[in-house]
Amino acid sequence: MKNSNNISLLMFAGVVLIASSCAEPDRKYSEELKHDVPFHQYFGDLDMYTSPSIETYGENSIYDNNMGSRHPVAGTIPRGFMPYMYPNTNEGYLMAGDSLKNPFSNTPENLAKGADVYTKFCLHCHGATGAGDGPVISGSNGKFPPPTSYVDGVSSGGDKMKDLPVGKMYHTITYGRNMMGSHASQLTSEERWKVILHVQALIKQGQAELDKSGASESEETEVVTADGTEIIDEEQNETEENQ
Ligand code: HEC
């Protein structure tokens with residue numbers, strides 16, 4: 001009985017000892033380190049608690065501009081980023097049209113992503129069906145001219161929208177074109193390609209509807225370009241390839 005009392009006393013003393021050694025040491029404010037440091041340091045200034053490491057985006061006196069982080073070397077490309085090689089010129093537009101292919105295919109997931117991007121970034125101008133009648137246009141009292149209709153319009157570059165190569169679409173979304181601004185800072189390359197899948201789906205859908213109504217009325221559709229020239233479209237009943 002006496003022994004067991006002694007043991008519990010010992011255990012109690014042990015707990016008190018451990019608890020006191022874990023207690024937070026008193027702290028003082030260090031001007032140099034700009035935060036509190038404990039009074040008791042076991043390894044002088046090398047204690048990990050007060051490690052003098054440079055804060056990532058903080059100031060320091062080592063570099064000329066006093067910035068903790070460095071500017072990337074000129075020409076640095078972020079990992080996974082593919083620079084767009086075609087210049088913002090008409091030559092660039094034509095080259096992009098000739099050589100770029102959509103790296104994404106018409107899977108339900110890609111189309112759903114494209115439709116989502118379209119709703120958030122394009123619909124307010126181009127309209128839900130691509131007719132060029134989004135709320136920004138219809139609400140502008142004619143101040144904002146309607147974008148080319150995806151279905152029966154003609155691009156300012158000369159192509160009928162239904163024949164517009166994807167590379168030209170990508171170029172326009174990247175740099176903007178006349179009244180349409182650049183979307184390069186809002187959309188990743190992947191989002192731009194996926195929204196093109198949706199634009200093409202809208203074009204195809206519009207064409208199918210045109211064909212349906214055209215079949216009952218006339219075989220030809222008149223398309224009036226921005227400068228007033230009329231193009232007679234006799235190809236509308238052709239089956240679309242690659243779409
Ligand atoms: C501020 C209104 C506005 C927004 C937002 C907008 N567009 Fe446009 N878009 C236009 C106008 C206006 C044109 C006609 C430009 C021209 O004069 O060729 C156009 C043209 C186009 C063309 C035809 C390009 C060509 O080469 O002729 C495509 C494709 C297109 N837009 C897709 C999109 C997509 C996709 C989005 C969303 C990511 C979008 N636009 C967002 C106004 C807009």
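First listed ligand is number 1; within each ligand, the first listed atom is number 1. All values reported here derive from a predicted model rather than from experimental measurement.
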For Tyr84, give me all partners under side-chain hydrogen bond (donor to acceptor under 3.5 Å, both in side chains), at least two apart in sequence or on another chain.
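With sequence neighbours excluded, Tyr84 shows a side-chain hydrogen bond (donor to acceptor under 3.5 Å, both in side chains) to His171, given in chain and number order.
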Is there a donor-acceptor contact under 3.5 Å linking the side chains of [X] and [Y]?
| X | Y | answer |
| --- | --- | --- |
| Tyr86 | Thr174 | no |
| Ser189 | Tyr170 | yes |
| Asn65 | Arg70 | yes |

Present, as a list of atom pairs with distances to 0.1 Å, all nitrogen or oxygen contacts under 3.5 Å between ligand 1 and the protein.
unit_1: ligand 1; atom_1: 7 (N); unit_2: His126; atom_2: NE2; d: 2.8
unit_1: ligand 1; atom_1: 9 (N); unit_2: His126; atom_2: NE2; d: 2.8
unit_1: ligand 1; atom_1: 17 (O); unit_2: Asn178; atom_2: ND2; d: 2.8
unit_1: ligand 1; atom_1: 18 (O); unit_2: Ser156; atom_2: OG; d: 2.5
unit_1: ligand 1; atom_1: 18 (O); unit_2: Arg177; atom_2: NE; d: 3.4
unit_1: ligand 1; atom_1: 26 (O); unit_2: Tyr93; atom_2: OH; d: 2.6
unit_1: ligand 1; atom_1: 26 (O); unit_2: Thr172; atom_2: OG1; d: 2.9
unit_1: ligand 1; atom_1: 27 (O); unit_2: Ser155; atom_2: OG; d: 2.6
unit_1: ligand 1; atom_1: 31 (N); unit_2: His126; atom_2: NE2; d: 2.8
unit_1: ligand 1; atom_1: 40 (N); unit_2: His126; atom_2: NE2; d: 2.7

Are Phe104 and Lys113 close enough, and set up right, to give a side chain to side chain contact (heavy atoms under 4.5 Å, CB included), and what steps lead you there?
CA-CA 11 Å; Phe104 297 94; Lys113 175 66 186 170; over 6 Å; no
Euclidean distance, Lys194 NZ relative to Leu111 CG, rounded to 0.5 Å
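NZ of Lys194 is found 10.0 Å from CG of Leu111.
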